[in-house]
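Just so it is clear, the model here is predicted, and its values are computed rather than measured.
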Amino acid sequence: MNAIAFPGLINSHDHLDFNLFPQLGNKTYESYTEWGKHIHRAYAVEIASVLKIPIALRERWGVYKNLLCGVTTVVNHGEKTTINDPLITIFDNCQSIHSVRFEKTGRNGSITRLK
């Protein structure tokens with residue numbers, strides 16, 4: 001039997017509970033902050049409808065989405081997941097700087113918010 005084995009991919013930045021959101025935005029943005037402000041104004045209804053879905057189901061969908069793409073390890077940014085039996089390895093017990101623009105301090109207090 002001929003077979004090829006590939007190692008699982010690593011997704012180093014994901015929000016497992018945000019994977020149910022559709023693609024939001026309709027133009028080219030100057031920055032992620034511009035995009036964020038725009039989508040919360042223009043897509044408030046869509047965002048609210050996804051956030052009504054229980055977080056455990058949203059996280060589970062995030063796992064499936066990664067697994068279907070060949071990802072077997074995810075660094076989840078945000079709160080610790082509620083998944084007891086993930087099908088992939090989830091790192092969420094670590095500190096990372098999610099967004100330099102919005103971070104106040106890092107672990108050692110050396111990072112300050114940029115203006």
When you measure from the side chain of [X] to the backbone N and O of [Y], does any donor-acceptor pair fall under 3.5 Å?
| X | Y | result |
| --- | --- | --- |
| H15 | H77 | yes |
| D92 | N76 | no |
| R58 | L20 | no |

Once you round to the nearest 0.5 Å, how far does [atom1] of [X] lie from [atom2] of [Y]?
| X | Y | atom1 | atom2 | result |
| --- | --- | --- | --- | --- |
| I83 | L16 | CD1 | CG | 6.0 Å |
| Y32 | K37 | OH | NZ | 10.5 Å |
| D17 | E79 | CG | CD | 8.5 Å |
| L51 | F18 | CG | CZ | 7.0 Å |

Does the side chain of [Y] come within less than 4.5 Å of [X]'s, by heavy atoms?
| X | Y | result |
| --- | --- | --- |
| I90 | V63 | yes |
| E46 | I39 | no |
| L24 | I47 | yes |

Exercise: identify the closest heavy-atom pair between [X] and [Y]:
| X | Y | answer |
| --- | --- | --- |
| N66 | G62 | ND2-O, 2.8 Å |
| P22 | V50 | CD-CG2, 4.3 Å |
| N26 | Y29 | N-OH, 3.1 Å |

Flag yes if [X] and [Y] sit in one hydrophobic cluster, no otherwise; membership is Ile, Leu, Val, Met, Phe, Trp, Tyr, and two members link when side-chain heavy atoms are under 4.5 Å apart.
| X | Y | value |
| --- | --- | --- |
| L9 | Y64 | yes |
| L67 | L57 | yes |
| F21 | W61 | yes |

Full working for side chain to side chain contact (heavy atoms under 4.5 Å, CB included) between E34 and K27: CA-CA 11 Å; E34 179 189 2; K27 64 179 192 158; 3.2 Å; yes

More than 12 heavy atoms of other groups within 6.0 Å of D85 CG: yes

From T73, V74, T72, residue fulfilling side-chain contact (heavy atoms from CB on, under 4.5 Å) relative to I10: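 That would be T73.
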
